[in-house]
Amino acid sequence: MAPANTNDAIGIDVIMIDDFEGSAGPDLKYALMDRLAAINVEQGPFFKVVPSDKAGSGAPGIRRGTLFGMAQVDVDEIELDPRIEKTCIEEKDDECVRYRTTEVACYAIVVSLNANVRMVAELGREERYSNGGERARRLEYCAGDDRPTIGEVGQSLIDGFAREVRMDFAPRTGGEQVRLLEKRKGLSKEDRATFKRALALTKHDQIGACALFDRLAQSNFDHQSVRFNSAVCHESEGDLRQALSDQKIIEGRHGSHSYVRTAIARLQATLAAKDQVSKHFPPDYILDEIWGASGDDTGEATSRP
């Protein structure tokens, strides 16, 4: 799990999306609606996303934000130096002795997206978020090649910008395969056998494997593989702070190996993401008020027509 890049949308229940200005405004609007409406965490959908003209008046206590902006796609075509192609026109003794050179016209197409997205909360009294600027992609081709499809390039820039906003607004979920350490040097003969059995159990009985690693950790507190694998078990069981503490102890005693740094970064990111989720869904959060029981904010997320 990774945290949102900003806290700007944490605590916003309903995102109302206005029409976007510019030639690509409608495409960006629907790309944002699709991205934001698809965000889900353990507690449920992260936002309710509605067009602003279907938002209703809102029930008391619902925290709302309005998203608006513009998007313009422009295309420039530039003539490049020609590509020189050589064709053999005379051979002697299986070697080419005369060539014909041909100049092939070549071009560069630059597709640029100039976009801006802003969000205000509480009926426009507070700006919560702003992101904008130009994104561009350059594609080269020559006569005889397939000409790049401008519409697809423009849409990919729009989708990429919508993804940026999504990553700014909410945590991302997703698992990561963690490789356990297998070195047993320094363990007693009996503990080496237990360690080997624990590794074998990870393939079909994670709980049993973790029970063995935890038992080994009690008598092999400073063994790097045992402590690391025990920390991974704590992480898989949701005890993230204990796992982070163990990984930092490993780093301090055995050095900053890449797998330890990766584990620490992953745990810190997950804790930050969970902190954002807990702030977004406080204990008194009432889902029914957001998702229809109140009779307000009844508009459903709208996909691209």
Side-chain angles (χ1 to χ4, degrees), residues 1-10 35 38-43 46 129 131 135 160-161 163-188 191-281:
M1 195 172 192
N5 295 333
T6 75
N7 290 315
D8 297 340
I10 301 301
R35 286 276 185 180
I39 302 172
N40 281 276
V41 294
E42 183 180 348
Q43 289 84 344
F46 208 73
Y129 176 80
N131 185 3
R135 282 89 174 148
F161 185 63
R163 183 174 181 272
E164 285 182 36
V165 177
R166 180 261 174 269
M167 294 175 70
D168 286 344
F169 273 24
R172 286 96 67 196
T173 58
E176 179 180 335
Q177 190 69 31
V178 180
R179 185 179 180 86
L180 298 177
L181 300 187
E182 299 183 10
K183 291 184 179 179
R184 290 168 279 170
K185 185 178 179 180
L187 295 174
S188 68
D191 285 346
R192 285 200 302 270
T194 301
F195 188 93
K196 185 177 181 180
R197 190 164 69 254
L199 286 176
L201 280 175
T202 60
K203 298 176 181 178
H204 56 84
D205 182 6
Q206 182 174 306
I207 294 176
C210 285
L212 291 180
F213 282 129
D214 285 345
R215 193 176 80 191
L216 285 169
Q218 293 176 14
S219 55
N220 297 275
F221 182 81
D222 204 33
H223 191 277
Q224 185 175 3
S225 294
V226 170
R227 191 67 180 270
F228 180 87
N229 294 353
S230 177
V232 172
C233 284
H234 287 305
E235 180 179 357
S236 70
E237 294 162 357
D239 193 352
L240 303 180
R241 298 194 184 280
Q242 181 62 55
L244 180 59
S245 174
D246 287 348
Q247 294 290 7
K248 286 185 174 181
I249 289 173
I250 295 169
E251 182 181 43
R253 295 187 179 184
H254 299 282
S256 185
H257 299 284
S258 60
Y259 51 85
V260 177
R261 293 197 305 271
T262 299
I264 289 173
R266 182 180 63 250
L267 286 161
Q268 289 175 332
T270 302
L271 283 166
K274 287 185 174 293
D275 182 60
Q276 287 179 335
V277 171
S278 66
K279 290 177 180 176
H280 189 76
F281 297 98

* To do: I would like to know whether Val41 and Phe281 meet side chain to side chain contact (heavy atoms under 4.5 Å, CB included); could you show each step before the answer?
  => CA-CA 11 Å; Val41 294; Phe281 297 98; 3.7 Å; yes
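- In this structure, Asp191 CG and Arg197 CZ are separated by 10.0 Å, a value rounded to the nearest 0.5 Å.
- The distance from atom CG of Leu199 to atom OG1 of Thr194, rounded to the nearest 0.5 Å, is 11.0 Å.
- Between the Arg266 side chain and the Thr270 main chain, no donor and acceptor come within less than 3.5 Å of each other.
- Of the inter-residue distances, the one linking Arg35 atom CZ with Phe161 atom CZ reads 12.5 Å to the nearest 0.5 angstrom.
- Aromatic ring pairs are classed by plane angle as parallel below 30°, tilted from 30° to 60° and perpendicular above 60°; the pair Phe46 and His280 is parallel.
- The two residues Phe169 and Ala4 have their closest heavy-atom pair at C-CB, 3.7 Å.
- Side-chain atoms of Asn220 and Phe195, non-hydrogen and from C-beta on, never get closer than 4.5 Å to each other.
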* Does the pair Phe213 and Val232 meet the rule for a side chain to side chain contact (heavy atoms under 4.5 Å, CB included), with working shown? -> CA-CA 10 Å; Phe213 282 129; Val232 172; over 6 Å; no
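- The two residues Ala269 and Pro3 make their nearest non-hydrogen contact at O-CD, 3.3 Å.
- Here NE2 of His254 is found 12.0 Å from CZ of Phe228. Values are rounded to the nearest 0.5 Å.
- Residues Leu201 and Ala209 share a closest heavy-atom pair of CB-CB, 3.8 Å.
- Scanning both residues, Ile10 and Thr6, for their nearest heavy atoms gives CG1-O, 4.4 Å.
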When the side chains of residues 240-249 are checked against the rest of the protein, which donor-acceptor pairs come out under 3.5 Å, sequence neighbours left out?
from, atom 1, to, atom 2, distance (Å)
Gln242, NE2, Asp246, OD1, 2.9
Asp246, OD1, Arg227, NE, 3.4
Asp246, OD1, Arg227, NH2, 3.0

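- At least one side-chain heavy atom of Met1 sits less than 4.5 Å from a side-chain heavy atom of Lys274.
- Note that SG of Cys210 is 9.0 Å distant from CG of Asp205, once rounded to the nearest 0.5 Å.
- In terms of modelled atom types and a separation under 3.5 Å, the side chain of Ser225 and the main chain of Lys183 share a donor-acceptor contact.
- The two residues Arg192 and Leu187 have their closest heavy-atom pair at NH1-O, 2.8 Å.
- In this structure the side chain of Arg184 never reaches within 4.5 angstrom of the side chain of His223, judged on heavy atoms.
- Around CD of Gln268, the count of heavy atoms belonging to other residues, nucleotides or ligands within 6.0 Å exceeds 12.
- Nearest approach of Pro171 to Arg166, heavy atoms of both residues: O-NH2, 2.9 Å.
- One distance of note links CD of Glu237 with CD1 of Ile207; it measures 8.0 Å at 0.5 Å rounding.
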